[in-house]
Amino acid sequence: MTTTTPPPPRLEVCGIEVAFGGLKALDGVSFTVGDGETVALIGPNGAGKTTVFNAVCGLVRPRKGHVRLAGRPAPSKATGLLAAGVSRTLQGLGLFDRMTVLENVLVPLSSLPGPATRKASKARAALADLGLAADADRPAGTLPYPERKRLALARALVTGPGLLLLDEPAGGLGEADIADLAHTVRATADAGCAVLLVEHHVDFVMDVADRVVVLDFGRVIASGTPGEVRADPAVEEAYLGLEAAS
Amino acid sequence: MDRFVFLLSTGLARGAVLALFALSLVIVWRAARAVNFAQAAMAAVAVYAAFAVTAASGSYWLGLACGLATGALLGAAVERGLMRRLPHRTPLPGMIGAIGLVMVLQAGLAIAFGPEHRPMRAPFSERPFVIGGVPVLSPYDLFVLATAAAVMGALALLFTKTSLGLRLRAAAFAPETSRLLGVRVPRMVTVGWTLSVATAALAALLSVPTELGLSPHAADLLFVDAFAVAVVGGLDSPLGALAAGIGVGMLSGLVTGYVSASAAPLAVLALLTVVLLLRPGGLFAAGEARKA
């Protein structure tokens, strides 16, 4: 028993159960995301997608089950995520509007050791990758919405995470911006980063995801490749059916 | 005209101290969203430490250094030992805790050192220079102005140009998001209290030699005026603290000279009332409040 054990997945969510009062938000949710893999978490509103993120980030504590990062228990506090190589974007973006664009990207680097000049060049490189180099010295609050979303993404990518959690990255974006976003997500995964994203935009999900995990009422009702999930009648009933009807 | 220049120049030195103390309130407000009503009593403790060290060693500068260190340690200790443990859903527990702390500290100082005023000597002459027949700032006033300017400049650099300053600002404006980005928010709150009380201690150390002397209540009036200054300038705004501090210092200097000393606090309160009526966020308030 020495040679053939595969390395543990970057993210392993195993049987987690989260309850708010009497309401079970998550009920035995399990899935994995491997290095270089993009997994989409989809499901109707209230299915528990953001709660999964919060459990991974240590913002809510599961009653049962566990979350592991590359085989180790996930940090119990959100502050430890950076050291564990986890970056997350927020639905509300959570930008520091009164800071400059560059300072926003410097914040996650500021708790890490290393010389300030290295951090500054890293931050500028992250901004340049997402086409924000010219805006570096503007207050973040003055950026238009698509640029704000890109800034949130740059801030998540600047630390070179091993696991990237994206909460509705395509929400509110137009087609050209979504195509750019898909390109960035693919490039990030190709570089070896595990990507887990929550998204309502079905075309975007089908485009970028290697696998799709479907949640409904806090349970995983389907998982597989985009093609498999699309053909699953349970998914159609729970989610895609609702989409079509609305 | 001579009188006007004299009053303005004394007001300027007083204004610098007010601005410094108001800045200390701004720092703790930004770090912890709390108005520290114990700031004057905590600063008085630091001044007593400086007084004792100066009396024992004969060195004003050693006393000054010990006073600042006492203020910094007291700030950290009060945050860790008291403020952090109070509920934060409403501001009330923090206020009541601070007021309780004022009573404990001031009674403790009176027990340890006696309630009387002790004269505290300034390290430089307080006799004003006379320029063209008009008495203007004294050497000590110049020392106060230079020290206040240097410390405010250093704090501005700390907050805007350093990695620690970036984390302090991030933790102040969006604590939850900052946690996700690896910022140790509780530590930043402690650092904020430390900086704040050390700054308040410096302001009190600079102001006590120009007043009646050292007593457990020596910084009380300074706090009242500086609180008005901080609110007038906008509690979130260091620049507001500076501008309003100088403005209020000059206003109370002029009112003291032309009307009477007892009218000066009323003039400050009148200014506070007008600002609260016209611009409740303060003159330099940013457009947007903090989120989450």
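Below, chain A is the first sequence line, B the second, and so on; all start at residue 1. A quick note: this is a predicted structure, and the numbers were derived from the prediction, not measured.
To the nearest 0.5 Å, the span separating CG on Leu166(B) from CZ on Phe96(A) amounts to 8.0 Å. We find the CG-CG distance between Leu90(A) and Leu180(B) to be 5.5 Å, quoted to the nearest 0.5 Å.
For Arg211(A), the CZ atom is densely surrounded, since the number of other residues' heavy atoms within 6.0 Å is greater than 12. Remark: His88(B) NE2 is packed, more than 12 non-hydrogen atoms of other residues, nucleotides or ligands lying under 6.0 Å away. More than 12 heavy atoms of other residues, nucleotides or ligands shown are found within 6.0 angstrom of CZ on Arg186(A).
Residue-level contacts of residues 59-88 of chain A with chain B, in order of numbering, are Leu59(A), Ala78(A), Thr79(A), Leu81(A), Leu82(A), Arg88(A); threshold 4.5 Å between heavy atoms. The stretch residues 106-123 of chain A places Leu106(A), Val107(A), Pro108(A), Ser110(A), Ser111(A) near chain B, each with some heavy atom under 4.5 Å from a heavy atom of that chain.
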Practice problem: Check the pair Glu103(A) / Arg169(B) against side-chain contact (heavy atoms from CB on, under 4.5 Å), numbers first and verdict last. | Solution: CA-CA 10 Å; Glu103(A) 284 176 328; Arg169(B) 283 187 289 148; 2.8 Å; yes
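Of the two parts of Thr160(B), only the backbone, made up of N, CA, C and O, holds a non-hydrogen atom closer than 4.5 Å to a non-hydrogen atom of chain A.
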